[in-house]
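What follows is a single structure, written as structure tokens, with notes after it.
Because the structure is a prediction, the values reported are computed rather than measured.
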Amino acid sequence: MTKRFFDLRGEILDLRFSISNRGLRASAPLREILIAGLLLCASAASAAEIRAVRFHTKPEHVFVNQPFELWFEVELPLGCDLQNPSLADFPASPEHITLGQFQQAAKIQRKVDGGRTTIDVLRFKSQALATVATEMTIRPRLQGMITERTGSGFFSSFFSRTVQRMAEAFTLRILALPEEGRPAHFSGAVGTLKLDAHLSATTAQVGDILTLSVSVSGDGDLRNAALPLPRHAEGFKVYPLKEKAREMSALQSEQVFIPQSTDAVEIGAIRFCYFNPVTRAYEEATAGPFRITFTEASDEPKADAVRIINTSASSGAAGQGVTLETVNHGIRRFLPLLVLCAFALAACFVFFQLHGAHTRIGIAAALLLLGIGGTAAYSIRARPALETRSTATRAEVRFAPSEQAQTLFTLHPDTPVTPIETAGDWVRIDYAGRRGWVPSRALQD
């Protein structure tokens, strides 16, 4: 019995005692019938219960790796509310099923009993995902505090009590993806998805950098999907695919292509195969192919694209300024000496600080610092000798490993450069932070 029921029952018993003391003239059977009727009314007034608890999924049919929503609805008498609901005997962590926290959705009203009764329906949902096909039956017990309002206006009152209700048995079925008709290039994505792709430019010259941007989006899970690739790219230097973003419903990537000759006129179409749970079939989204139109190179180099750098030694002639390359070369030349001097100063400072009370320790620390400084200076001096090479002849540094590529700058003989990579008879070099391609014959052995 509820607190409200006991309160009403107590009031009725007090009323019975009052009636007896005041000598109300009524027969004993009539008085007992009156009190029993009041008790029945009190019991009926406090009989608010949870009508039903039902589970369902959206969508109704769920496949492996398909995001879905698990819902449960609580049917209550009109005007009642449920506080602090919790599910008992619910699988805490179902195997191969990721289930989020239940969040309350908007309350609705529903007609039942052939439209004669209106009830309130509380709704709760959770985002879920299953990685394997499975079937499980759940029937948890809902617990909470039901609140009921009686009366209206100034004379209204609220009564609360703890209630529980077993949910109707619900079977959660996760369907496996069909083996029949599954393409070899299936990406593993499940949902209603779309593919977008575009090339940074459709007109180019040999050696230009072209970036192919690809994005997949829609209603599905793309966190484990394979990145889409073009079918072919003959005549292009193809750089590795770079993933830009990977989220639940968004996948973005970029890839760089450099045409090596005028025969590289097309980058093949991109295909992205996924399973559509709405049509229950494998579908393929396609973008491309991407065609390239080559433009004739200008006879005169562009001012902002080509720069001739005089790398010969300074002769001290009037009017010749100090270049950034000269400064960088001087720093690299004197850096070992600067490091050694810094350690020598530190050794002197330590020696004089410890001289007297700890002379031997001071001498040992000073010698240790001098040894570290000498080793560091030798390593710095030896490293460029192992990594740098000098140009044998005057070399034009090009944007790509091709004679038709644009010239970025020119290096004079005996200029130290750092090789980075090779491609056939070409070497990509670095000079004072500027990079480009030169023929391998232009470098000294």
Side-chain angles (χ1 to χ4, degrees), residues 209 237 239-240 242-243 256 307-317 319-401 407-445:
I209 293 179
K237 180 177 181 180
Y239 282 80
K242 182 179 181 181
E243 184 178 295
V256 173
R307 181 182 178 187
I308 305 299
I309 300 178
N310 185 4
T311 60
S312 58
S314 174
S315 61
Q320 183 173 3
V322 179
T323 64
L324 178 61
E325 289 75 14
T326 305
V327 174
N328 291 336
H329 182 70
I331 292 176
R332 289 195 298 269
R333 182 179 179 182
F334 291 102
L335 183 59
L337 181 60
L338 294 176
V339 171
L340 183 59
C341 291
F343 275 93
L345 290 176
C348 293
F349 176 78
V350 171
F351 174 76
F352 285 111
Q353 287 291 325
L354 299 177
H355 180 68
H358 305 283
T359 303
R360 293 184 178 181
I361 298 177
I363 295 174
L367 292 176
L368 179 61
L369 288 174
L370 287 175
I372 295 175
T375 303
Y378 178 78
S379 300
I380 295 174
R381 183 177 180 84
R383 183 177 178 184
L386 295 176
E387 296 183 353
T388 60
R389 295 173 63 182
S390 299
T391 54
T393 60
R394 184 177 182 274
E396 293 183 348
V397 182
R398 300 186 180 274
F399 184 76
T407 300
L408 299 178
F409 53 92
T410 301
L411 295 175
H412 289 267
D414 297 324
T415 301
V417 297
T418 303
I420 299 176
E421 62 176 315
T422 60
D425 295 332
W426 292 81
V427 179
R428 190 175 181 221
I429 56 94
D430 178 280
Y431 174 74
R434 295 174 61 86
R435 298 183 177 184
W437 295 86
V438 296
S440 57
R441 63 178 180 275
L443 300 180
Q444 297 180 5
D445 295 331

Where do [X] and [Y] come nearest, in terms of heavy atoms and distance?
| X | Y | answer |
| --- | --- | --- |
| P413 | A392 | CB-O, 4.1 Å |
| V438 | A395 | CG1-CB, 4.4 Å |
| G373 | L340 | C-CD1, 3.9 Å |

[atom1] of [X] to [atom2] of [Y]: how many Å apart, nearest 0.5 Å?
| X | Y | atom1 | atom2 | result |
| --- | --- | --- | --- | --- |
| F349 | L369 | CZ | CG | 11.5 Å |
| L367 | I372 | CG | CD1 | 11.5 Å |
| L408 | R434 | CG | CZ | 6.5 Å |

Given 3.5 Å as the limit, does a donor-acceptor pair link the side chain of [X] with the main chain of [Y], or not?
| X | Y | value |
| --- | --- | --- |
| R389 | Q444 | yes |
| T393 | A442 | no |
| T391 | T415 | yes |

So, do [X] and [Y] sit near enough that their side-chain heavy atoms are less than 4.5 Å apart?
| X | Y | value |
| --- | --- | --- |
| L411 | Y431 | yes |
| W426 | S440 | no |
| W437 | E421 | yes |

Exercise. For the pair L443 and I429, evaluate side chain to side chain contact (heavy atoms under 4.5 Å, CB included) and give the outcome as yes or no after the intermediate values.
Key: CA-CA 10 Å; L443 300 180; I429 56 94; 4.2 Å; yes
Quiz item: Could you walk me through whether F351 and I363 pass the side chain to side chain contact (heavy atoms under 4.5 Å, CB included) check?
Solution: CA-CA 6 Å; F351 174 76; I363 295 174; 3.4 Å; yes
